[in-house]
Amino acid sequence: MKKAQSRSVVVIVHVKKIKPRNNMRTHYCGNVDEKITNEQVALCGWVHKVRNLGGLVFIDLRDRAGIVQVVVDPEQAEAFTVAEKLHNEYVIKITGQVIARPDNMINPDMATGKIEVLASDVELLSRAKPLPLQVSDYQEVSEEHRLKYRYIDLRRPEMNKNIQLRHYVAQELRSYLNENGFLEIETPMLTRSTPEGARDYLVPSRNYKGSFYALPQSPQQFKQLLMMSGFDRYYQIVRCFRDEDLRADRQPEFTQLDIETSFLDEKTIQDLMEEMMRSLFRKTLQVELPKPFPRISYQEAMQRYGSDRPDLRIPLELIDVADEVVNSEFRLFAEKAKDDKARVAAMRVPNGVKLSRKEIDNYTVFVAKYGAKGLAWIKVLDLDQGMAGIKSPIAKFFNSNQMEVLLAKVKAENEDIIFFVADDFKIVSESLGALRCKIGEDLGLIGEKWAPLWVVDFPMFYQLSDGSWTFHHHPFTSPTELDPQKLLADPGASLSKGYDMVMNGSELGGGSVRIHDPELQFAVFQVLGIDAEEAKREFGHLLEALNYGCPPHAGIAFGLDRIVMIMAGATSIRDVIAFPKTTSASCPLTSAPATVATAQLQELGIKLVEE
RNA sequence: GGAGCGGUAGUUCAGUUUGGUUAGAACGCCGGCCUGUCACGCCGGAGGUCGCGGGUUCGACCCCCGUCCGCUCCGCCA
C-alpha cells in the first residue's frame, strides 16, 4: 500500500527570513547561521531529537523555520542538569552562543550544519508524554493516525513546509491580483441550493422550519451579480462545498481562488491569469513557466492525449489507425474502424519491448476500468525482418503489407511496443489516455518539469444516453453560437467559451465567458430541459439581474489546494490542507460528523427516521 | 453504488501460502553505561482485545460469512 506522505520532491520555497516577534527569543532555529557566529541568541522550540553522550548532550531544536543543533556541556552545570532530562517534543528555551563547528564536525545534510549553539541556559517550558507518532522519525505513519493527531503531524518539517508554502502561494496570488486592480469581496456561506451540479451540504433553518440553506458549491452566481454591480475585477479565496465522493485531489470542502472580470474578452483574461501563474511560480519556486502557455482544443486533447487535462510532460501520444486496420482480418478492429462513433487508436511506447507478459496483463486490467474490453499489442523487435521481426497476438490478422503500413503510421522503431484499443470514442480515448499516464509514471518518463497549458473550445453541451442534453462547464457559460434560435435548433453544434488551465495532468482552474443576454440564457436553460417556470424559480434573481444593465463578463476559478499540491510535489491535497477529511468525509481528530442532542433537532424541526 | 489493497506491541511491519509449543523485528518507551554526536553507540527490561461479530474445527492471527474503519481507482464531482 502506498503511504500518503510524499517526501520525494524537495521544494525550494523562496522564504523571507522573518524576525520572530516573540519576546522570549531572538531568532528562529532554522535561521541561525554562520553570519551570526559568536553572537548570543535565545531560541525557543521543540526538542526534535536528543543525543545524550553521558558527559555531553546534543539537542536538535526545532521550530517552523528549521532545526539547529544545541550543545550542552557539563561545565554549565544548571543547564546540563535540565538537558539530561529532556525528551523528544519537550518545549524548551535555550540561550547561548552561536559557534562555528570545527571542519570535521560540519554536517552537510543540515541547513544549519556549519554552526551550533553552545547553551549557557536551558529552560523547560513544557513536557511531552511519549508521542503517538514520532515527529523526528523516518518511518511513515498511517494517514488515519496522522489525521487523528494532526497537530503533531503538522510539526513534521515536510508538513510544516507545505502549510507555509500554502500561505506564500495565497499571499502571492493576492498580491498579484491587488496590483492588477482586483477587489477582494466576500460572498455568503449560507445560500440556497440550486438544482444542477453536485450534491449540496444543507444547513437547516431555525426560523423557517422545513427550509434549508445550502453551503456554496462555488460563489458563481454571486460573482456574476458583483459584475452587474460594477465591481469589474473581483477575486476571493473562498471555501466551497460539494457533498460527493472523494479522491486524492478532492475534498468535500476545498478552497477556490475565485475570479471574475467585466469588459475583458477571453484572450485577455487568459493572458492575465497566465501571468499570475508565471509570477507565482517565479516568486515562490523560482521557476519560469513558458510564455505563452500552449493552447489546445478539447477535441485535440482527446485525440492526442485521451484526456481533457493532458499531462504534457509525458512524451507519448494516441494515434488514430482506423484507416490502417479497416481491411485487416481482425474483425473487432475492422468493425470499429467503420463505425462513426467508435475509434481505433494506438500508442507507441519506446523501449516497451522489455515489458513482460505479466506487466502487459496488468495494463489490460488497468484499461478495463475505463471500459476497454481488451488491450492489443505489437512488440517491434526488428523492423528490417518484416513480419518475422515483430511479436504480437494480433499479427496473424495482418498481411505483411498491412503491418508495414500500420507500423509506418505509428512511426514504429525497434524496441517499441505499440498498444491498441478499439471501442467507442470515449472508451478508447479515456482508457489509452489513462494508460498513457500510467506508463509515463511506470517507465519514469515524466521527470521534474512544469507543463502548463490551456484547453479551450469545449463542446457547449453533450448528450446523455437518454437523449437529453447537459452542460460541459456550467449553465451560465456562453456558447459560441449567440443566436438563441440557432442554438436551440442544433445544441450539439455549438462550442462553449470555456477554458481550463491544466498543469502536469491536473486541472488547476476553469472558467468561461458568461452569458449576459437573458434571451440566450433562457435558450440554454431550455436545451438543458429547464423550462421558463423552473428557471425563474431557481435562477430568477440572476435572470432578472441580466435585465438591469449587465456588462459582458468572464471569469475563472482555481483550485488552490491543487495548485499548492502540485507545487509542493504532494500526491494528495490532504498533504497541503491543515485539517483535511478522510475519504468518507470524516475527521478523525474531532470525530466529525457527530450526532447532536435531540433538543437541537427539535429546535430545527427535524426528526430522524429509522433506516 | 462498485472494484482493489490494507487493519497484528505506542509506531512501522513480518508471521496467514500448508490451522498446532510461549505471536517476532525495528523504531519508540523504562533502567544502566558513555565528552563530539547528528537515524549516536553499548547492556538490560517492560509492552499484544492479532479492527469488531459470528461460524467451521479437538484447536483460528491464519479458513469461511458478515460488519466497521483507512487508502487508491471506477461511477459521481456543472
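Numbers restart at 1 for each chain; the letters A, B, ... are given by sequence-line order, proteins then strands. This is a predicted model, so every value here is computed, not measured.
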Measure from CD on A/E143 to C1' on B/G7 and round the result to the nearest Å.
15 Å

Between B/C43 and B/C63 - P atom distance, rounded Å:
38 Å

Please tell me which of the listed nucleotides, B/U35, B/C71, B/C77, lies nearest to the side chain of A/E244?
B/C77

Work out how far the C1' atom of B/G70 is from that of B/C34, and round it to whole angstrom.
43 Å

In Watson-Crick or G-U wobble terms, both distances under 3.5 Å, what is the partner of B/G70?
B/C5

Which of residues 359-369 of chain A sit near RNA chain B, with a heavy atom under 4.0 Å from it?
A/K369

Is it true that A/E244 and A/R250 make a salt bridge, defined as a side-chain N closer than 4.0 Å to a carboxylate O?
no

So does A/R247 reach the base of B/C71 with its side chain, donor to acceptor, closer than 3.5 Å?
no

For nucleotides B/U72 and B/G53, find the distance between their C1' atoms and express it as a whole number of Å.
27 Å

Given B/G70, is OP1 or OP2 found less than 4.0 Å from the side-chain N or O atoms of A/S586?
yes

Which nucleotide in B/C74, B/U72, B/U37 has an atom nearest any side-chain atom of A/Y370
B/C74

Using the side chain to side chain donor-acceptor pair (under 3.5 Å) criterion, which residues pair with A/S494? Sequence neighbours excluded.
A/T480

Taking for each residue the nucleotide of RNA chain B with the nearest heavy atom, is it A/D249 or A/L118 whose nucleotide lies nearer the 5' end?
A/L118

Which atom pairs, one a donor and one an acceptor, fall under 3.5 Å between side chains of residues 361-370 of chain A and the rest of the protein, sequence neighbours left out?
from   : atom 1 : to     : atom 2 : distance (Å)
A/Y363 : OH     : A/D442 : OD2    : 2.7
A/T364 : OG1    : A/I360 : O      : 2.9

Going by the angle between their ring planes, with limits at 30° and 60°, are A/Y149 and A/H145 parallel, tilted or perpendicular?
tilted

Considering only the C1' atoms, how many Å lie between B/U8 and B/G41, rounded to the nearest integer?
31 Å

Is a side-chain N or O of A/Q97 found less than 3.5 angstrom from the main chain of A/N38, in a donor-acceptor match?
yes

Using the salt bridge (charged side-chain N to carboxylate O under 4.0 Å, His left out) criterion, which residues pair with A/K114? Sequence neighbours excluded.
A/E34

Paired with A/I92, the side-chain contact (heavy atoms from CB on, under 4.5 Å) test is passed by just one of A/V82, A/V70, A/V47, namely A/V47

Shortest side-chain distance from A/P74, nucleotide among B/U35, B/G70, B/C38
B/U35

Going 5' to 3' through nucleotides 40-45 of chain B, assign each nucleotide B (protein heavy atom under 4.0 Å from a base atom), S (under 4.0 Å only from sugar-phosphate atoms) or - (no protein heavy atom that close).
B-----

Find the partner of B/U57: check Watson-Crick (N1-N3 plus N6-O4 or O6-N4) and G-U wobble (N1-O2, O6-N3) distances, both under 3.5 Å, and reply none if neither fits.
none

Could you check which nucleotide pairs with B/A46 in any of the strands shown, counting Watson-Crick or G-U wobble with both distances under 3.5 Å?
none

Using the C1' atom as the reference point in each nucleotide, state the distance between B/C62 and B/A23 in Å, no decimals.
11 Å

Nearest-nucleotide pick for A/Q139, side chain only, options being B/C69, B/A26, B/U72
B/A26

Under 3.5 Å donor-acceptor pair, A/E144 side-chain atoms to B/G51 base atoms:
no

Scan every strand shown for a Watson-Crick or G-U wobble partner of B/A26, both distances under 3.5 Å, and answer none if you come up empty.
B/U11

Is any N or O donor-acceptor pair between the side chain of A/R242 and the base of B/C77 shorter than 3.5 Å?
no

Output yes when A/D153 and A/R146 qualify as a salt bridge under the 4.0 Å nitrogen-oxygen rule, no when they do not.
yes

Output all residues satisfying side chain to side chain donor-acceptor pair (under 3.5 Å) with A/Q236, sequence neighbours left out; order by chain, then residue number.
A/T187, A/Y234

Respond yes when some side-chain nitrogen or oxygen of A/S572 is under 4.0 Å from OP1 or OP2 of B/C71, and no when none is.
no

Counting distance alone, no hydrogens or angles: does the base of B/G28 have a donor or acceptor under 3.5 Å from a partner atom on the side chain of A/N88?
no

P atom, B/C73 versus B/G55: distance in rounded Å?
38 Å

Using the P atom on both, measure B/A60 against B/U67 and round to a whole Å.
24 Å

Is it true that A/R343 and A/D424 make a salt bridge, defined as a side-chain N closer than 4.0 Å to a carboxylate O?
no

With no angle test and no hydrogens, is the base of B/C71 tied to the side chain of A/R574 by a donor-acceptor pair under 3.5 Å?
no

Return yes if the base of B/G10 and the side-chain atoms of A/Q134 contain a donor-acceptor N/O pair under 3.5 Å, otherwise no.
yes

Look at A/R239 together with A/E253 and state whether they make a salt bridge at an N to O cut-off of under 4.0 Å.
yes

Do any side-chain nitrogens or oxygens of A/T582 fall under 4.0 Å of OP1 or OP2 in B/G70?
yes

Separation between the P atoms of B/U11 and B/C52, rounded to whole Å
14 Å

